[in-house]
Student: 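Structure provided below as structure tokens; questions to follow.
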Amino acid sequence: MASIKTLVQSKDLKSLPSDFAHFKDAQESIQTGPDVPVPVIDFSLLSSTNPDERAKVILDLGKACEEWGFFLVVNHGIPENLISALFNACNEFFDMPEEDKLQFDNKHPLYPVMVRSGTIDGNDSNQQVKLWRDYLRFFVHPEYHCPTKPKEMSDIVLEYSRRTRDLARKLLRGISQSLGLEEDYIEKAMELDSSTQIFAANYYPPCPQPELAIGIPPHTDPGLLTFLLQNGVEGLEIQNKGKWLHLTGIPGAIFVNTADQLEIISNGKYKSVWHRAVLNNKKTRFSLVVANGPSPDTIVTPAPPLLRETPPAYGQMKYMEYVQLQRSSRLNQKPTLEQLKLH
Ligand code: OGA
Ligand code: NI
């Protein structure tokens, strides 16, 4: 189908085309809690030479993972100019003519590049309702793939992926410790030298009836930690204690959420957070997402040191099989993570 961007530009839409109606009426739709102060982690404290400071931030990280599955990272050290260059490059990508964008969509058997509109995961055929979103998604590690247009994009994404891999690894050291594991447990067990990293750019144009449609329906992410940047326009919601909470960012901070394989490693202590992307009728929203996961061949299991007094709550699966299973599942199917639960 044509992109949502083209649809919005070509017609003066006053109401939502019916194939995008995710909710029957506004009442059924999004109920957001009050804006809640979500945990903020000062990344620079993780490399503090003061042991008390470091112990405190590890405790905070553990709490954020356990109680929220979500936190904002400040002082992460990723240069502002790299982030703005990344937004510009992705914006230029979405601005290209349809056929230029689509030439990058390919069916690489392991590492596809996806340029899609209106669909969750390239699965148009079994999806009834379309999503109000265009996206570009590709693997950046252990194999690097990136569209070659706009021409500056590849270098910028490469640098961003290198920096975010480093950030993920350092956060995961703190998270390992917060679980009572050796600092390098996760990076060794998940073979992070060849970690799987997926980059995605999501584009959500203004929607004529935002309360009836959705950008991305509720889901959890595959991997260990997902990083998200947005262009200053809100729209990310997480589920917390049974309620949907609308999140307010901090300029320059990175949104981080815990993902499925971290739930498995922690044997359920750190839940993969359910989240979704909602829309508005005024501004285009952009989000740039990096899913940081184990190496493709790693068999992910609950960490054995956590199983001394508790039985394992999840079965095991190779990470890449998990990603492929999730990509091919239907929206109305039992989530992939649920399928791995043992009881
Ligand atoms: C995702 C995602 C949310 C957003 O890409 O997996 O959850 O706000 N995105 O774009
Ligand atoms: Ni997500």
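Owing to the predicted nature of the structure, the values given are computational and were not obtained by experimental measurement. Read the numbers this way: they start at 1 and go in the same order the structure lists the ligands and their atoms. This chain uses plain numbering: 1 for the first residue, then up along the sequence.
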Student: Can you measure from OH (Y203) to CZ (R285) and round to the nearest 0.5 angstrom?
Tutor: 13.0 Å
Student: Within the 4.0 Å heavy-atom shell around V289, which atoms of ligand 1 are there?
Tutor: 5 (O)
Student: Under 3.5 Å between some N or O of ligand 1 and some N or O of R276?
Tutor: no
Student: What are the atoms of ligand 1, with element, lying closer than 4.0 Å to any heavy atom of A277?
Tutor: 4 (C), 8 (O)
Student: Can you check which of E234, Q230, R285, H219 brings a heavy atom nearest to atom 8 (O) of ligand 1?
Tutor: R285
Student: Which atoms from ligand 1 have a heavy atom of S287 less than 4.0 Å away?
Tutor: 4 (C), 10 (O)
Student: Identify, by atom number and element, the atoms of ligand 1 in contact range of N202, meaning under 4.0 Å from any of its heavy atoms.
Tutor: 5 (O), 9 (N), 10 (O)
Student: May I ask you to identify the nearest protein heavy atom to atom 2 (C) of ligand 1, giving residue, atom name and distance to one decimal place in Å?
Tutor: I216 CD1, 3.5 Å
Student: Ring-plane angle category for H108 and Y111, please: parallel below 30°, perpendicular beyond 60°, tilted otherwise.
Tutor: tilted
Student: Determine yes or no for a side-chain-to-main-chain donor-acceptor pair under 3.5 angstrom, with H76 supplying the side chain and G252 the backbone.
Tutor: yes
Student: According to the interplanar angle, ranging from 0 to 90°, do the rings of F93 and F104 count as parallel (below 30°), tilted (30 to 60°) or perpendicular (above 60°)?
Tutor: tilted
Student: Could you check whether the rings of F199 and Y160 sit parallel, tilted or perpendicular, using 30° and 60° as the cut-offs?
Tutor: perpendicular
Student: Mind reading off the angle at the Ni ion (ligand 2) between the OD1 atom of D221 and the NE2 atom of H275, rounded to 10°?
Tutor: 90°
Student: Check for me whether Y204 has a heavy atom closer than 4.0 Å to any atom of ligand 1.
Tutor: yes
Student: Would you mind checking which non-hydrogen protein atom is closest to atom 3 (C) of ligand 1, with the distance to 0.1 Å?
Tutor: L228 CD1, 3.6 Å
Student: Could you tell me which atoms of ligand 1, counted from 1 in the order shown, lie closer than 4.0 angstrom to a heavy atom of L236?
Tutor: 3 (C), 8 (O)
